[in-house]
Asker: 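Below is a structure I'd like to ask you about.
Not measured: the values here are computed from a predicted model. What's counted below: heavy atoms across the whole structure, side chains too, no hydrogens, waters or symmetry copies.
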Amino acid sequence: MRAAQRGICWKLFLFSCVFLESSSQDFGGQTQFICTSVPKDMDICSATLQNSVPGEDLKTTVMQLRETVLQQKETIMNQKETIRELTSKLARCESQSGADLGDARPGGRRKEAGTKNTMGDVSRGPADTLTQLSQTLQSLKQRLENLEQFSRSNNSVQANSLKDLLQSKIDDLEKQVLSRVNSIEEGKPGLRNETEQRGRVESTLTSLHQRITDLEKGQRENRPLDKFQLTFPLRTNYMYAKVKTSLPEMYALTVCMWLKSNASPGVGTPFSYAVPGQANELVLIEWGNNPMEILINDKVAKLPFLINDGKWHHICVTWTTRDGVWEAFQDGVKRGSGENLAPYHPIKSQGLLILGQEQDTLGGGFDATQAFVGDLANFHIWDRKLSVGEIYNLATCSSKAQVGNVFAWMETSLDIYGGASKWTFEACRQLN
């Protein structure tokens, strides 16, 4: 019996040693054996029990370590959940940022109110900016040449004095452009202040446009009120024209105009009509690398127009609320048609019609990246669908051509803002 007890106790002793060793290995500790001498006649189980305290302490330590590990694991899981939540929020922020740079609707077209560019796209490179400035300067020079001819024919001393002053300022601007070219080529650190430089150039150009516009007033006295064009030389969020009257409720429409632009990417927004509660009641826009689109009640149809070649083009779009049928004409020729464009939705009244800018809010929320760049003339709106023959007469400047019965192109019907200019234009005589 005593031999059996000793055998059992010896097995327990070995089991305890194995347990301690394995526990030590599991938790990265070093194995340590504590041995106690046992008299020959002493019971081994009693000796083992007397010396079991260190094992109990170690077991307690192991349990504490295990509890600590479980707590750390729980903490890690909570941290992972926090990371997932932050990642999700970041994704939503990036998505919202994409919407701010694109569109509230699928397809990423519009940029909602918020941080606005005042002059072009922030991603536009210095070379593109210089090209744009050069085009603006060329436009100013052309207008000055027209003023010179007017001055020579009228012997106006005041006009000549103003012309010389403006020519001097344009020369200064050309020097600034040349300086920026040299900075780009040499990689000078002055480009770090590009935003400030662009602001100064922008301000100077606005002042020039205004003074040239004042000088051109003398020409307007001798021309018909409909023989003019609007010029938007830069992508800004402050150059635009506002129609003085609102549109009536319409169940059909035709909108026609002459356009000239070589802007890229996209000519921008020739016009937008917003009403309370709907900023996209009626919009014509070519933004980014998308084709030109017409929006009615924020519903979209893509138009087959190709007009950004720097030449004058006559375009018309017709639409009827029944089945949302639309047709698109360029230079008197039908280029495309479709249906289901805001069917059975009448164009609402009591809105604001803006030329040159896309409205994100009623009468505002302009974004430079969506601004129209180029020339616009003979903008007319009818509350009916014009026939193919009537549109052809408009595109060919026929004596039978009609004017819009909802809005007709007249200088007295517009208010001009931000340096957009008006000067003489006669369709089909100044083409290309």
Asker: With no hydrogens and no angle check, is any side-chain donor or acceptor of Asp367 less than 3.5 Å from a backbone partner on Thr369?
Answerer: yes
Asker: Do Ile347 and Ile296 come close enough that some side-chain heavy atom pair is under 4.5 Å?
Answerer: yes
Asker: Using the rule given for side chain to side chain contact (heavy atoms under 4.5 Å, CB included), can you reason through Cys256 versus Phe379, listing the C-alpha separation, both sets of side-chain angles and the distance that settles it, and then say yes or no?
Answerer: CA-CA 6 Å; Cys256 296; Phe379 180 83; over 6 Å; no
Asker: Counting distance only, does the side-chain N/O of Thr254 pair as donor-acceptor with the main-chain N or O of Trp382 below 3.5 Å?
Answerer: no
Asker: What distance do Lys422 atom NZ and Leu376 atom CG have between them, rounded to the nearest 0.5 Å?
Answerer: 13.0 Å
Asker: When you look at Phe372 and Trp287, which way does the ring-ring contact (aromatic ring centres under 6.0 Å, His included) test go after all the steps?
Answerer: CA-CA 9 Å; Phe372 175 70; Trp287 185 67; over 10 Å; no
Asker: Tell me if a side-chain donor or acceptor on Tyr273 pairs with a main-chain N or O of Ser246 at a distance below 3.5 Å.
Answerer: no
Asker: How about His313 and Asp331: does a side-chain donor come under 3.5 Å of a side-chain acceptor?
Answerer: yes
Asker: Does the side chain of Val243 reach to within under 4.5 Å of the side chain of Asp415, using non-hydrogen atoms?
Answerer: no
Asker: Does any part of the side chain of Leu353, heavy atoms only, come nearer than 4.5 Å to the side chain of Leu247, both counted from C-beta?
Answerer: yes
Asker: Quick one: sort the Phe228 and Trp409 rings into parallel, tilted or perpendicular, breaks at 30° and 60°.
Answerer: parallel
Asker: Thr320 side chain to Ala252 main-chain N or O, any donor-acceptor pair under 3.5 Å?
Answerer: no
Asker: For a quick check under 3.5 Å, do Asn308 and Ser261 share a side-chain donor-acceptor pair by atom type?
Answerer: no
Asker: Should we count CG of Asn289 as having more than 12 external heavy atoms under 6.0 Å?
Answerer: no
Asker: Taking C-beta and beyond as the side chain, do Ile285 and Leu295 meet within less than 4.5 Å on heavy atoms?
Answerer: yes
Asker: Hey, are the side chains of Lys302 and Pro291 touching, using non-hydrogen atoms and a 4.5 Å cut-off?
Answerer: yes
Asker: Sequence neighbours excluded and cut-off under 3.5 Å, please list the side-chain donor-acceptor pairs for residues 390-408, or say none.
Answerer:
| from | atom 1 | to | atom 2 | distance (Å) |
| --- | --- | --- | --- | --- |
| Glu390 | OE1 | Arg384 | NH1 | 3.2 |
| Glu390 | OE1 | Ser387 | N | 2.8 |
| Glu390 | OE1 | Ser387 | OG | 3.3 |
| Glu390 | OE2 | Arg384 | NH2 | 3.1 |
| Glu390 | OE2 | Gln402 | NE2 | 2.9 |
| Asn393 | ND2 | Gly389 | O | 3.4 |
| Thr396 | OG1 | Tyr392 | O | 2.8 |
| Ser398 | OG | Lys400 | N | 3.1 |
| Gln402 | OE1 | Arg384 | NH2 | 3.2 |
| Asn405 | OD1 | Asp383 | N | 3.2 |
| Asn405 | ND2 | Asp383 | OD1 | 2.8 |

Asker: Under 3.5 Å, side chain of Lys244 to main-chain N/O of Thr412, donor-acceptor pair present?
Answerer: yes
Asker: So if I apply the side-chain contact (heavy atoms from CB on, under 4.5 Å) rule between Leu259 and each of Val267, Ile307, Asn378, which one comes out positive?
Answerer: Ile307
Asker: Under a 4.5 Å cut-off applied to non-hydrogen side-chain atoms, are Phe232 and Val373 in contact?
Answerer: no
Asker: Give a yes or no answer on whether the side chain of Thr236 reaches the backbone of Tyr238 with a donor-acceptor pair at less than 3.5 Å.
Answerer: yes
Asker: Do Gln357 and Thr269 have side chains that get closer than 4.5 Å, going by heavy atoms?
Answerer: no
Asker: To the nearest 0.5 Å, how far apart are CD1 in Ile381 and CG in Leu282?
Answerer: 6.5 Å
Asker: Could I get the full list of salt bridge (Lys or Arg N to Asp or Glu O under 4.0 Å) partners for Glu327, not counting sequence neighbours?
Answerer: Lys334, Lys385
Asker: Under 3.5 Å, is there a donor on one side chain and an acceptor on the other for Ser337 and Trp326?
Answerer: no
Asker: With sequence neighbours left out, what residues match Tyr417 under side chain to side chain donor-acceptor pair (under 3.5 Å)?
Answerer: none
Asker: Whether the side chain of Arg335 engages the backbone of Pro304 through a donor-acceptor N/O pair (distance < 3.5 Å, no angle test) should be reported.
Answerer: no
Asker: Got Pro270 and Met257 here, is their nearest side-chain heavy-atom distance under 4.5 Å?
Answerer: yes
Asker: Could you go step by step and tell me if Tyr344 and Asp323 meet the side-chain hydrogen bond (donor to acceptor under 3.5 Å, both in side chains) rule?
Answerer: CA-CA 7 Å; Tyr344 305 102; Asp323 296 326; 3.1 Å; yes
Asker: What I want to check is whether the side chains of His345 and Gln278 have a donor and an acceptor closer together than 3.5 Å.
Answerer: no
Asker: Testing the 3.5 Å rule here: is there a donor-acceptor pair between the side chains of Gln359 and Ser272?
Answerer: yes
